[in-house]
2 protein chains.
Amino acid sequence: MTKADITEPFLKRLRVSTEIDEEDERAIRNLPMSVKRMAGGEPIVSLGDRPSACCLVVDGFVLRSKIVGTGHRQILAFHQPGDVPDLQSLFLHVMDHDVSALGNSVLGFIPHAPLRELIKRRPNVAQALWRDTLTDASVFREWICNVGQRDATSRVAHLVLELYTRLTAIGRADGRSYSFPATQALLADAVGTSVVHMNRVVQELRSKGLLDFDRGRITLLDEARLREIADFDGLYLHLDPSL
Amino acid sequence: MTKADITEPFLKRLRVSTEIDEEDERAIRNLPMSVKRMAGGEPIVSLGDRPSACCLVVDGFVLRSKIVGTGHRQILAFHQPGDVPDLQSLFLHVMDHDVSALGNSVLGFIPHAPLRELIKRRPNVAQALWRDTLTDASVFREWICNVGQRDATSRVAHLVLELYTRLTAIGRADGRSYSFPATQALLADAVGTSVVHMNRVVQELRSKGLLDFDRGRITLLDEARLREIADFDGLYLHLDPSL
DNA sequence: CGAATTCTTGACGTATGTCAACCTTGGTGG
DNA sequence: CCACCAAGGTTGACATACGTCAAGAATTCG
């Protein structure tokens, strides 16, 4: 994998997000970056850390989570290639949650200093990154609605559609299915249910012919009905910045 | 109320957040702003809008919310004096949720153009504002945990402590109590329970001598126990930027 | 091939939602 | 100043989605 390949998913996202000129792209490609492979579950940064680099997802998935008082884990977000899950560490110095690899992943670590320099020198890039953190926030808001208002079936359908929509946008969905190396326990942590109940939901969705979830692959069998059940409207993803 | 009074809560926040010099402060004070009084419940911007100004909370409270498919409302955030709840509209052009006044409030509307200009000219201010939107996101994450993992009693205690901590930080708490003009129905929308159950919880907290909630005023009667019940740790508020 | 995950099932308890009525309070107008 | 009204608060009865526990079956992986 060449260095160009590594920044490509990132550049691709920034390009749709704002006007990025040749000079901007060059500056991004010239960022110092140490590439690292990580296994599923491996921690990237943790609660209380004061990271000195940000982590660009190159391949695979990254998740953000928090452990609550009961010892249970709440997953807060999933990140795909092109995302920088801990960009916030540039300005919020202490981590308020954990970041870890979902499946086997390839990550690029960019030290804070050159990233700060980039932001100072290239206002377009700064704006694109800021925008990115704002859409992150928008996704968090929708997750609040998800866990706060919808029942378990609806929540799962919603999550599945969110991932599908975002992966499609970066060309990583494979027709109506996509690879997502999660266990049912992990999905349960994401939507705030127990493993047992998650299993009931998965079976219900399967038996109704709505979706399949097997060996780390999610397949949408009836997207239209899923959208109904999920109460899904992708507006909050802000995928089309021209709007 | 003079113009200086109006920007003061805002400046106060920015000062602790980053290095803001005299020049920065002057630029902020010179922002064009139209001040408006709003009654409780009045909409400020709504889902689908494309606002051309941002709204600074000068006095009172502002809330952000979303209506889900069932018709129920999920409240996503409460904002206090000094906050700019819809700063995101600078970069995400279509609103993905509603913003409205909680009680009677005073708001300052700042057109996008001069705000963009400010951000371009004054990188310190830009950074402070970016940081602000990042702590917003951090609060969203904690709300996800709240509705996803904690029981109703714990959720209410957590919300009450969050508000208390943030209001104390800007000097708007009155000892161990603070004004918060909410009904039980509104609290229910914030923590994702029914009104009936919210009432049960409020009575439980009252009868155990933990807190009181009456006529728009919340009083913490036993902060230590509340913190336990709430599983509250204020780290996520990022109130001390030196950390 | 064995061991560890992951998935699945059933029985059971409970937190919380819904419905429907009633009570309290604060504000308004006569 | 009282009568009234609307909004908010309170109650009880009942239904249910979901959690927990515990065991067993099916995968996956070394």
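Throughout, a chain's letter reflects where its sequence line sits, starting with A, and its residues are numbered from 1. Side-chain atoms are counted along with the backbone in the values below, which use heavy atoms only and exclude waters and symmetry mates.
Applying the side chain to side chain contact (heavy atoms under 4.5 Å, CB included) test to R172(B) and every residue at least two apart in sequence or in another chain returns D59(B), P81(B), L167(B), I170(B). The ring pair (Phe, Tyr, Trp, His ring centres under 6.0 Å) check on F10(A) picks up nothing, with sequence neighbours excluded. For F180(A), the ring pair (Phe, Tyr, Trp, His ring centres under 6.0 Å) criterion is met by F61(A), F78(A), not counting sequence neighbours. Checked against side chain to side chain contact (heavy atoms under 4.5 Å, CB included), A169(B) has the following partners two or more places apart in sequence or in another chain: L239(B). Among residues two or more places apart in sequence or in another chain, the side chain to side chain contact (heavy atoms under 4.5 Å, CB included) test is passed with E204(A) by T153(A), K208(A). Residues meeting the side chain to side chain contact (heavy atoms under 4.5 Å, CB included) test with D132(A), sequence neighbours left out: R13(A).
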For nucleotides 6-11 of chain D, 5' to 3', base contacts (B), sugar-phosphate-only contacts (S) and non-contacts (-) with protein non-hydrogen atoms under 4.0 Å give --SSSB
For nucleotides 22-27 of chain C, just jot down a letter per nucleotide in 5' to 3' order: B, S or -, based on protein non-hydrogen atoms under 4.0 Å. ----S-
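Residue G216(B) is classed as having no contact, given no heavy-atom separation below 4.0 Å to the nucleic acid.
Separating the CG atom of D214(A) from the P atom of dT6(C) is a distance of 15 Å, rounded to the nearest angstrom. Atom NE2 in H197(B) sits roughly 13 Å away from atom C1' in dC18(D) (whole-Å rounding). Rounded to a whole Å, the CG atom of N104(A) is 10 Å from the P atom of dC29(D). Atom NE2 in H72(B) sits roughly 13 Å away from atom C1' in dT16(C) (whole-Å rounding). Note: CD (E204(A)) to P (dT8(C)) measures 14 Å, nearest angstrom.
Residue pairs meeting the salt bridge (Lys or Arg N to Asp or Glu O under 4.0 Å) criterion with at least one member in residues 178-191 of chain B, sequence neighbours excluded: R73(B)-D189(B). For the side-chain hydrogen bond (donor to acceptor under 3.5 Å, both in side chains) condition, no pair includes a residue of residues 40-55 of chain B, sequence neighbours left out.
One finds no salt bridge joining E162(A) and R155(A) here, because no Lys/Arg side-chain nitrogen approaches an Asp/Glu carboxylate oxygen to under 4.0 Å. Under the 4.0 Å criterion applied to side-chain N and carboxylate O atoms, K12(B) and E8(B) are not assigned as salt-bridge partners.
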Just distance, no hydrogens or angles: give the donor-acceptor pairs under 3.5 Å from side chains in residues 210-217 of chain B, sequence neighbours left out.
from: R217(B); atom 1: NH1; to: S177(B); atom 2: OG; distance (Å): 2.5

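Looking at residues 146-160 of chain A, you'll see that no heavy atom sits under 4.0 Å from any atom of DNA chain C.
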